[in-house]
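The structure appears right after this line, and notes come after that.
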Amino acid sequence: STVICVFEKDSINIDEDLLANSARSLETLVSVGMKLGVSRKASDVVLPNLETCSIQ
Amino acid sequence: GNESSKESSSPFPESKGSSLSSRLKDRLHLHSIRRHLHLRHGSGGSGSSAVRKLLDADHFAGIALLTLLRAEMEFKDKWLACVSFGEQTFRTQISDHTDKPIWNSDKKLLLEKDGPHVARISVFETNKLSSNKLIGYCEINLLEFLTQGMNSDFEIIDLLDPSSSDLVVGKIYISCSVEDPIETETGFARRILSIVDYNQDGNLSFSEFSDLINAFGNQLAAEKREELFKAADKNGDGVVSMDELAALLTVQQEKEPIMTCCPVCGESLDVSDNLNNIIHLTLCFDEGTGNQVMTGGFLTDSQASYGWIFKLSEWAHYSSYDVGLKSGSSASHILVFDRRTKRLLEELIDGKIVLSMRAIYQSKMGLGLIDKGAKELLQSISEKQGRKMSSVESAKDIPNFVDFFKGQINLAEAKHPLEHYKTFNEFFVRELKPGARPIAFMERDDVAVCAADCRLMAFKSVDDSLRFWIKGRKFSIKGLLGQEVCSKAFVDGSLVIFRLAPQDYHRFHLPVSGTIEKFVDIPGCLYTVNPIAVNSKYCNVFTENKRVVSIISTEDFGKVAFVAIGATMVGSITFLKNEGDRVKKGEQFGYFSFGG
């Protein structure tokens with residue numbers, strides 16, 4: 001079985017890692033609730049990237 | 001053909017002198033020549049140009065090619081004829097409106113000493129007022145028919161009135177001959193080898209050949225396979241032509257049988273009876289491909305459930321069923337990137353499954369199969385499976401399923417212990433404990449989340465999806481969503497594909513927060529959604545399969561189309577939300593279960 005989600009044009013920025021794997025015809029194993037992407041409307045709001053955060 | 005060389009290589013002894021066998025021998029010999037000429041003069045038929053081989057009636061086995069040529073009836077109408085033989089029935093096309101219908105329809109029938117011999121031919125008139133009304137019939141003992149001396153290429157047989165067998169209502173012209181066994185064997189080998197000729201260049205690599213041997217359930221040692229392959233690869237370039245390999249396999253099959261089970265119906269083959277095996281295989285393949293002029297007698301449910309060509313139940317339980325393709329449709333294994341562990345997983349697909357899927361979804365033969373009723377078959381098998389999986393008896397399969405997918409199903413996450421589930425379907429759609437799947441950025445509705453435990457593909461545009469993944473020539477967003485809900489914004493939009501595997505948690509969740517605007521049911525087929533089918537240019541699983549399109553209206557993403565697509569065996573789609581419901585991302589939205 002398969003679910004396909006179609007988002008309207010320019011409505012979502014899908015996570016780059018997912019796009020990059022797909023562009024290599026490589027499926028990504030994911031679980032329910034993992035981040036998929038961010039609304040374009042919210043593109044000005046930068047989500048914290050935990051990997052680049054540092055404690056000061 | 002060279003008659004003497006064929007006889008010397010045949011495993012079947014010549015007649016030992018019984019009168020029946022002698023007559024049969026003579027009859028076959030004479031008739032084969034006549035039949036050969038007859039076919040070459042273009043009376044229709046299968047296109048086989050085989051010269052017929054003499055057979056021993058005491059150990060008789062052969063493919064009889066029965067041809068319904070034409071009939072002479074007492075009035076004008078549209079006509080069709082049926083042949084019933086053993087447990088099978090086949091029919092011709094419908095003729096023009098005439099009193100002299102012409103069909104020229106062939107049917108290959110298996111004749112065995114202890115099998116059915118009598119074919120019943122029925123002729124029906126068919127029109128709007130009286131559809132398929134039986135007008136006349138006759139019965140022919142094919143074994144006797146083939147032993148009679150005949151002076152022409154065809155026989156004329158009276159058609160009897162079904163209500164009074166004394167009354168003749170017409171005449172039917174038929175022809176019958178026996179196919180040459182060596183030609184049958186070679187032809188079959190050629191056909192089957194073409195399935196593994198993935199790039200259709202007429203040559204086979206060793207790995208392709210090896211896949212085929214595996215699929216036949218043969219544990220032939222690697223050295224033996226290489227030996228066989230090298231014998232055919234005369235110039236040592238690592239590939240052999242199909243014709244060469246077919247010839248070699250035919251000889252080898254007689255010395256040491258390679259095929260031990262029928263790939264179509266799964267029946268075990270008697271290793272001591274090679275010709276019967278080939279005949280069985282040839283007929284099974286013909287049934288599957290619709291290769292013959294006469295239609296019908298398609299695979300039964302039980303046949304469909306056994307054998308690699310169509311072993312659908314097996315697909316649903318194979319651990320390797322779920323893996324994606326390494327590089328398009330030519331690969332036999334699939335790479336999946338585990339996002340959590342950031343590891344690349346390489347999973348081999350069982351050779352049988354690859355062959356099955358390719359045979360059905362990526363070959364012309366498969367297309368023929370799909371055209372000849374596989375859609376209905378998939379639907380019926382899925383419905384049957386649904387009933388089975390919802391029965392109390394099915395609960396006993398749960399431990400085996402869990403054991404089979406050991407390491408891939410985490411029972412500790414399930415909401416209930418194993419004994420709670422009273423049917424297999426209940427277990428299949430099991431809920432997880434609260435919190436088992438943390439939802440990313442739960443407080444932010446502008447972040448979308450994954451809708452299922454699955455293998456995911458994401459594309460910024462449909463063009464990208466067509467470039468990298470979906471190869472069905474007819475795929476389009478409009479085709480996927482249907483006219484009713486499709487909009488320009490969707491057509492140019494982004495696409496995310498969540499593919500669930502049998503061992504996965506089978507509930508799907510909401511990827512975004514918003515309001516359910518509507519549900520649209522789109523009826524369709526139940527093809528597999530495996531990458532092999534998705535990657536096939538012949539197959540359009542996403543736009544032809546049964547599906548439900550829901551539209552979620554959101555503040556942050558505009559409208560989001562959520563399409564739940566049923567697949568082979570798992571074709572039942574249940575939603576847990578209703579139109580107008582306000583929903584939160586991460587909430588359960590519905591589930592897939594076994595059924596049609």
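Just so we're on the same page: letters track the sequence lines, and every chain starts at 1.
No more than 12 heavy atoms of other residues, nucleotides or ligands lie within 6.0 Å of NZ in A:Lys9, so this atom counts as exposed by the packing criterion.
With a 4.5 angstrom heavy-atom cutoff, B:Val512 touches chain A only via side-chain atoms. Contact annotation for B:Phe508: only side-chain heavy atoms (C-beta onward) come within less than 4.5 Å of a heavy atom of chain A. Residue B:Leu481 touches chain A through its side chain alone, counting heavy-atom pairs closer than 4.5 Å. Neither the backbone nor the side chain of B:Asp464 comes within contact range of chain A, judged by heavy atoms closer than 4.5 Å. Heavy atoms of A:Asp17 lying under 4.5 Å from chain B belong exclusively to its side chain. Residue contact with chain A, scored on non-hydrogen atoms closer than 4.5 Å, involves the side chain of B:Ile477 exclusively. Proximity to chain A (any heavy atom under 4.5 Å) is shown, for B:Leu432, by neither the backbone nor the side chain.
For the atom pair CG of A:Leu36 and CZ of B:Phe441, the computed distance is 12.5 Å after rounding to the nearest 0.5 Å. Between the CD1 atom of A:Ile4 and the CZ atom of B:Arg499 there is a distance of 12.0 Å, given to the nearest 0.5 Å. Atom OG of residue A:Ser1 and atom NE2 of residue B:His506 lie 4.5 Å apart, to the nearest 0.5 angstrom. Once rounded to the nearest 0.5 Å, the distance linking CZ of B:Arg339 with OG1 of A:Thr28 reads 7.5 Å.
The two residues B:Arg437 and A:Val32 make their nearest non-hydrogen contact at CB-O, 3.7 Å. Across every non-hydrogen atom of A:Ser31 and B:Cys450, the tightest pair is O-CB, 3.4 Å. Of all heavy-atom pairs between B:Phe490 and A:Phe7, the closest is CD2-C, 4.3 Å. Looking at every heavy atom in both residues, A:Glu8 comes nearest to B:Phe557 through OE1-O, 4.1 Å.
Residues B:Val563 and A:Val3 have side chains not in contact (no heavy-atom distance under 4.5 Å, counting atoms from C-beta outward). Counting heavy atoms from C-beta on, the side chains of A:Thr2 and B:Phe498 never come closer than 4.5 Å. By the 4.5 Å heavy-atom criterion applied to side chains, B:Asp453 and A:Val30 are not counted as neighbours. The shortest distance between side-chain heavy atoms of B:Phe468 and A:Ser22 does not fall below 4.5 Å. With contacts defined as side-chain heavy-atom distances shorter than 4.5 Å, the pair A:Val6/B:Lys559 does not qualify.
Between B:Lys460 and the options A:Ile14, A:Asn13, A:Leu19, a side-chain contact (heavy atoms from CB on, under 4.5 Å) holds for only A:Leu19.
A:Glu27 places no side-chain N or O within 3.5 Å of a backbone atom of B:Met457 that could act as its donor or acceptor partner. Side-chain atoms of B:Asp556 do not come within 3.5 Å of backbone N or O of A:Ser39 as any donor-acceptor pair. Here the side chain of A:Lys41 pairs a donor or acceptor atom with the backbone of B:Glu555 at under 3.5 angstrom.
Of the listed residues B:Ser487, B:Pro511, B:Ala448, B:Ser550, the one with more heavy-atom pairs under 4.5 angstrom with chain A than any other is B:Ala448. Contacts with chain A were tallied for B:Ala452, B:Ala564, B:Gly558; B:Ala452 has the most, counting heavy-atom pairs under 4.5 Å. The choice from B:Gly493, B:Ala436, B:Ser494 that makes the most heavy-atom pairs within less than 4.5 Å of chain A is B:Ser494. Looking only at heavy-atom pairs under 4.5 Å with chain A, the residue among B:Val549, B:Leu510, B:Val462, B:Ile439 that has the most is B:Ile439.
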